[in-house]
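To keep things clear, I will list the structure first and then write my remarks on it.
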Amino acid sequence: MSTVPTIALNNGVSIPQLGFGVYQIPPEETKETTLAALEVGYRHIDTAQMYGNEQGVGEAVRASGLDRSDVFVTSKLNNGFHAHDDAIKAFDTSLETLGFDHLDLFLIHWPLPGIDVDFVETWQALEEIYRTGRAKSIGVSNFQPSHLRRLIQETQIVPAVNQIEVHPYLAQEDLRAVDAEHGVATEAWSPIAQGLVLDNPTITGIASEQGKTAAQVVLRWHIQRGDIVFPKSVTRSRIEENFDLFDFELSDGDMGLITALDKGQRLGPDPDTFNYIP
Ligand code: NAD
């Protein structure tokens with residue numbers, strides 16, 4: 001049913017390149033919204049302990065009637081649980097809340113470089129979890145080049161992914177190149193910049209030439225760059241629109257025009273200084 005390409009991670013696991021993100025979906029709406037996404041054809045869901053809606057994701061997967069093995073589910077370690085034993089316990093709690101016996105991907109959500117617990121310790125906990133088979137892949141999120149290099153130098157398993165903020169106003173050419181150099185797949189969060197880029201005239205111009213929407217053009221730009229994306233919406237028509245990316249192609253020229261919109265504009269915090277613990 002799905003026309004979504006898959007990407008092979010550095011441990012051989014396949015991940016659908018297009019998924020559905022559930023950040024800011026209220027817990028009581030998560031089951032219904034995620035189920036709508038699964039009906040549309042999404043087979044990859046991105047949640048996090050921090051979002052407070054893992055339970056609804058698990059319920060949706062069960063209600064869909066799909067096999068657990070047909071849906072790729074990611075969750076992320078919350079910031080308060082970086083110490084080794086806390087990380088293991090928090091992972092177990094995620095599995096319990098989701099009602100799953102494994103996650104497809106588990107990430108350190110933020111590096112928190114200024115806190116007492118070193119993310120190397122946190123990663124060693126994720127390596128242990130990975131070796132038990134209860135997380136089929138492990139990775140990081142919001143890691144800058146210095147964080148990634150240190151992790152790779154000081155630990156055994158190279159992260160499968162680095163999930164970072166990427167959109168046309170923050171094209172992240174350098175960090176994506178560092179990921180690629182180490183065999184780490186880039187996942188682009190806030191891929192349409194929460195809507196901010198959708199009235200940009202370069203993007204709307206390409207959209208009208210293509211007969212597609214601005215959101216579809218931006219998501220297609222990510223897909224052609226090779227990144228993994230999971231746009232979020234609670235609106236059925238947009239959930240469908242964001243999935244309909246595989247009947248057109250952007251030229252190299254249009255790809256370059258969109259990348260040139262980069263102005264280093266972050267929507268989220270700077271990972272080098274963000275040390276928030278809830
Ligand atoms: P997004 O770029 O996916 O934008 C979502 C918003 O854009 C929606 O709330 C809606 O207002 C609008 N929208 C969606 N589809 C649209 C369409 N077709 N037309 C017009 N407007 C549309 O932003 P996001 O939710 O912040 O990011 C996507 C996912 O990335 C999240 O759900 C989450 O899974 C992940 N994420 C991860 C981190 C991290 O630190 N790792 C941070 C933020 C988000």
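For the numbers below, each heavy atom of this structure counts, side chains included, while hydrogens, waters and symmetry mates do not. Both ligands and their constituent atoms are indexed starting at 1 by order of listing.
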Is a donor on one side and an acceptor on the other found under 3.5 Å between the side chain of Asn11 and the backbone of Lys136?
yes

Quick one: look up the protein heavy atom nearest [atom] and list residue, atom name and how far away it is.
{"atom": "atom 11 (O) of ligand 1", "answer": "Arg238 NH1, 4.2 Å"}
{"atom": "atom 27 (O) of ligand 1", "answer": "Ser190 N, 3.1 Å"}
{"atom": "atom 4 (O) of ligand 1", "answer": "Gln194 CA, 3.2 Å"}
{"atom": "atom 43 (C) of ligand 1", "answer": "Trp189 CE3, 3.1 Å"}
{"atom": "atom 12 (C) of ligand 1", "answer": "Ile192 CD1, 4.1 Å"}
{"atom": "atom 37 (C) of ligand 1", "answer": "Gln163 OE1, 3.1 Å"}
{"atom": "atom 31 (C) of ligand 1", "answer": "Tyr23 CB, 3.3 Å"}
{"atom": "atom 8 (C) of ligand 1", "answer": "Lys232 O, 3.4 Å"}

Atoms of ligand 1 close to [X] [distance to a heavy atom under 4.0 angstrom, numbered from 1]:
{"X": "Asn142", "result": "39 (C), 40 (O), 41 (N)"}
{"X": "Leu198", "result": "19 (N), 20 (C), 21 (N)"}
{"X": "His109", "result": "39 (C), 40 (O), 41 (N)"}
{"X": "Asp46", "result": "33 (C), 34 (O), 35 (C)"}
{"X": "Trp110", "result": "40 (O)"}

Please work out, at 4.0 Å between heavy atoms, whether the side chain, the backbone, both, or neither of [X] comes within that distance of ligand 1.
{"X": "Ala193", "value": "backbone"}
{"X": "Pro191", "value": "both"}
{"X": "Val22", "value": "backbone"}
{"X": "Phe230", "value": "both"}

Between Asp244 and Arg220, does a salt bridge (Lys or Arg N to Asp or Glu O under 4.0 Å) hold up when you go through it step by step?
CA-CA 9 Å; Asp244 181 18; Arg220 181 74 208 180; over 6 Å; no

For residues 17-37, which residue pairs pass the side-chain hydrogen bond (donor to acceptor under 3.5 Å, both in side chains) check, not counting sequence neighbours?
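Of all non-adjacent pairs touching residues 17-37, none passes side-chain hydrogen bond (donor to acceptor under 3.5 Å, both in side chains).
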
Ligand 1 to Ser233 polar contact by distance, N or O atoms, under 3.5 Å:
no

Quick one: does Pro231 get an N or O within less than 3.5 Å of an N or O on ligand 1?
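By distance alone, the answer is no.
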
Would you call Phe20 a ligand 1 contact, heavy-atom distance under 4.0 Å?
no

Does Gly268 come within less than 4.0 Å of ligand 1, judged by its heavy atoms?
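Checking ligand 1 against Gly268, which is what was asked, there is no heavy-atom contact under 4.0 Å.
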
Between [Y] and [X], is there a salt bridge with N-O shorter than 4.0 Å?
{"X": "Asp92", "Y": "Arg134", "value": "yes"}
{"X": "Asp46", "Y": "Lys76", "value": "yes"}
{"X": "Asp104", "Y": "Arg68", "value": "yes"}

Indicate whether the side chain of [X] and that of [Y] have a donor and an acceptor atom separated by less than 3.5 Å.
{"X": "Gln156", "Y": "Arg131", "value": "yes"}
{"X": "Gln55", "Y": "Thr97", "value": "no"}
{"X": "Trp221", "Y": "Asp254", "value": "no"}
{"X": "His84", "Y": "Glu128", "value": "yes"}

Cation over ring, Arg43 on Phe72, under 6.0 Å and within 45°?
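Pair Arg43/Phe72 does not count as cation-pi.
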
Are Arg238 and Phe243 in a cation-pi setup, meaning NZ or CZ lies under 6.0 angstrom from the ring centre and within 45 degrees of the ring axis?
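No; the conditions do not both hold, so Arg238 does not lie above the ring face of Phe243.
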
Under the side chain to side chain donor-acceptor pair (under 3.5 Å) rule, collect the residues that match up with Glu240, sequence neighbours excluded.
Arg236

